[in-house]
Amino acid sequence: MIPRRRARHPSADTPLVHRIASVLLRYPDDTMLACLEDITTALPAIADPADRTRLAAACDHLLRLPPTETAQQYVDTFDHTRRRSLHLTYYRHGDTRARGMALLALKHTYRQAGHEPPEAELPDFLPLILEFAALAPEPGHRILLQCRAGLELLRQALHKHSTPYAAVLDTLCGRLPQPARHERDTWRRLAAEGPPGEHVGLEPFGPPEQTGLDPIAPPGRPTPSAYPTHRAFLSAKEGR
């Protein structure tokens, strides 16, 4: 079990943790891999020794492997099963109307905070949520709490898969407050039964050109982000 923080508000270094995790959980293309040394430089700014160790282990694992092997491991981890999807609303809602509403609510939250969500990604893509949380900590924290079932189920699935990415999820989940009993009961039920099975897509909310949603996006495939990410997130002013 990972320790839970009891404080209602995130620690001062949580935006940096979210910046680092947002990069580590993206597809390891050349741009992402070029950020790993910056992440290593930024890690001493994280106060919690356990969090530093977890993120350093994930970063070191990616640095040790050849790029082609790193990419294949990412695909094997996130692209071949929805049980390890990086799209968090899927865990609670499946492919249902309720998920469509959850996605629209996320877009509304981004826009209220002054950030236009990129058209190329669903707004529940975890690296995108973490980018937003680093830029807008309070609404970003609320989104992570709202998507907590997905975070916890993804964390459990990554541990079962024995992947270094599990350490990143341990860090993210450990930064959230102690869960209530009814939340834990919900996670257990979703883990046992899976998400709802109403396969209706997102048609009730209009076509993708109106909603900006892609109902057939694969669960783990990352796409370019419109937010400032990678090296911009680990600048000398913000990440060190």
>> Against Glu131, only a single residue in His115, His18, Arg26 fulfils side-chain hydrogen bond (donor to acceptor under 3.5 Å, both in side chains); can you say which?
In response: Arg26
> Are Leu62 and Val75 connected, step by step, through hydrophobic side chains (Ile, Leu, Val, Met, Phe, Trp, Tyr) whose heavy atoms are closer than 4.5 Å?
Replying inline: yes
> Can we say Asp124 and Lys107 salt-bridge, meaning some charged N sits less than 4.0 Å from an Asp/Glu carboxylate O?
Replying inline: no
>> As an exercise, state the distance from CG of Asp76 to CD of Glu69, rounded to the nearest 0.5 Å.
In response: 10.0 Å
>> The test is side chain to side chain contact (heavy atoms under 4.5 Å, CB included); show your working for Thr163 and Gln73 and say whether it passes.
In response: CA-CA 9 Å; Thr163 170; Gln73 283 196 4; 5.8 Å; no
>> Is it the case that the ring center of Tyr27 lies less than 6.0 angstrom away from the ring center of Phe78?
In response: no
>> A cation-pi test, strictly: NZ or CZ of Arg82 under 6.0 Å from the centre of the six-membered ring of Tyr90 and no more than 45 degrees from its axis. Yes or no?
In response: yes
> Run the side chain to side chain donor-acceptor pair (under 3.5 Å) check on Thr89 and Arg99 step by step: do they pass?
Replying inline: CA-CA 6 Å; Thr89 62; Arg99 186 182 179 207; 2.9 Å; yes
> Which value, rounded to the nearest 0.5 Å, describes the distance between Lys160 atom NZ and Arg83 atom CZ?
Replying inline: 7.0 Å
> If we only count heavy atoms from C-beta on, is the Leu158 to Pro164 side-chain gap below 4.5 Å?
Replying inline: no
> Looking at Leu33 and Pro28, what are the two nearest heavy atoms and their distance?
Replying inline: CD1-O, 3.6 Å
> Closest heavy-atom contact between Asp13 and Ala45?
Replying inline: CB-O, 4.0 Å
> At what distance, to the nearest 0.5 angstrom, does CD1 of Ile143 lie from CG of Leu88?
Replying inline: 10.0 Å
> Between Ala47 and Arg52, which heavy-atom pair has the shortest distance, and what is it?
Replying inline: O-NH1, 3.2 Å
>> For the CG atom of Leu24 and the CZ atom of Arg54, what is their distance to the nearest 0.5 Å?
In response: 14.0 Å
> Do you reckon Leu176 sits in the same ILVMFWY cluster as Leu130, going by side-chain contacts under 4.5 Å, direct or chained?
Replying inline: yes
> Where the side chain of Asp51 meets the backbone of Thr171, is there a donor-acceptor pair that is under 3.5 Å apart?
Replying inline: no
> If you look at every heavy atom in Gln178 and Arg148, which pair is closest and at what distance?
Replying inline: C-NH2, 4.0 Å
> Are the side chain of Arg142 and the backbone N or O of Thr109 linked by a donor-acceptor pair below 3.5 Å?
Replying inline: no
> Would a 4.5 Å heavy-atom cut-off, applied to side chains only, mark Leu25 and Leu169 as touching?
Replying inline: yes
> Going by heavy atoms in the side chains, are Ser85 and Leu154 under 4.5 Å from each other?
Replying inline: no
>> Would you say that Leu36 contacts Asp60 through its side chain, given a criterion of any heavy-atom pair below 4.5 Å between the two side chains?
In response: no
>> Going by the rule side-chain hydrogen bond (donor to acceptor under 3.5 Å, both in side chains), which residues pair with Gln112 if we only count those two or more places apart in sequence or in a different chain?
In response: His108
>> Using 0.5 Å steps for rounding, measure from the CG atom of Leu153 to the CZ atom of Arg84.
In response: 13.5 Å
>> Using side chain to side chain contact (heavy atoms under 4.5 Å, CB included), reason through Asp29 and Met32 one step at a time and then give a plain yes or no.
In response: CA-CA 5 Å; Asp29 58 13; Met32 179 273 191; 3.3 Å; yes
> Say you draw a straight line from SG of Cys59 to CD1 of Ile20; how long is it, rounded to the nearest 0.5 Å?
Replying inline: 8.5 Å
> So which heavy atom on Pro15 is nearest to which on Pro137, and how close?
Replying inline: CG-CG, 4.0 Å
>> So, applying side-chain contact (heavy atoms from CB on, under 4.5 Å) with Leu144, which one of Leu172, Thr14, Ile129 is it?
In response: Ile129
> If we only count heavy atoms from C-beta on, is the Ile39 to Arg19 side-chain gap below 4.5 Å?
Replying inline: no
> Minimum heavy-atom separation for Pro123 to Leu106, with atom names?
Replying inline: O-CD1, 3.7 Å
>> Run Tyr110 and Leu128 through side chain to side chain contact (heavy atoms under 4.5 Å, CB included) and show every step you take.
In response: CA-CA 10 Å; Tyr110 292 153; Leu128 178 61; 4.2 Å; yes
>> Does either side chain, that of Asp170 or that of His159, offer a donor lying less than 3.5 Å from an acceptor on the other one?
In response: yes
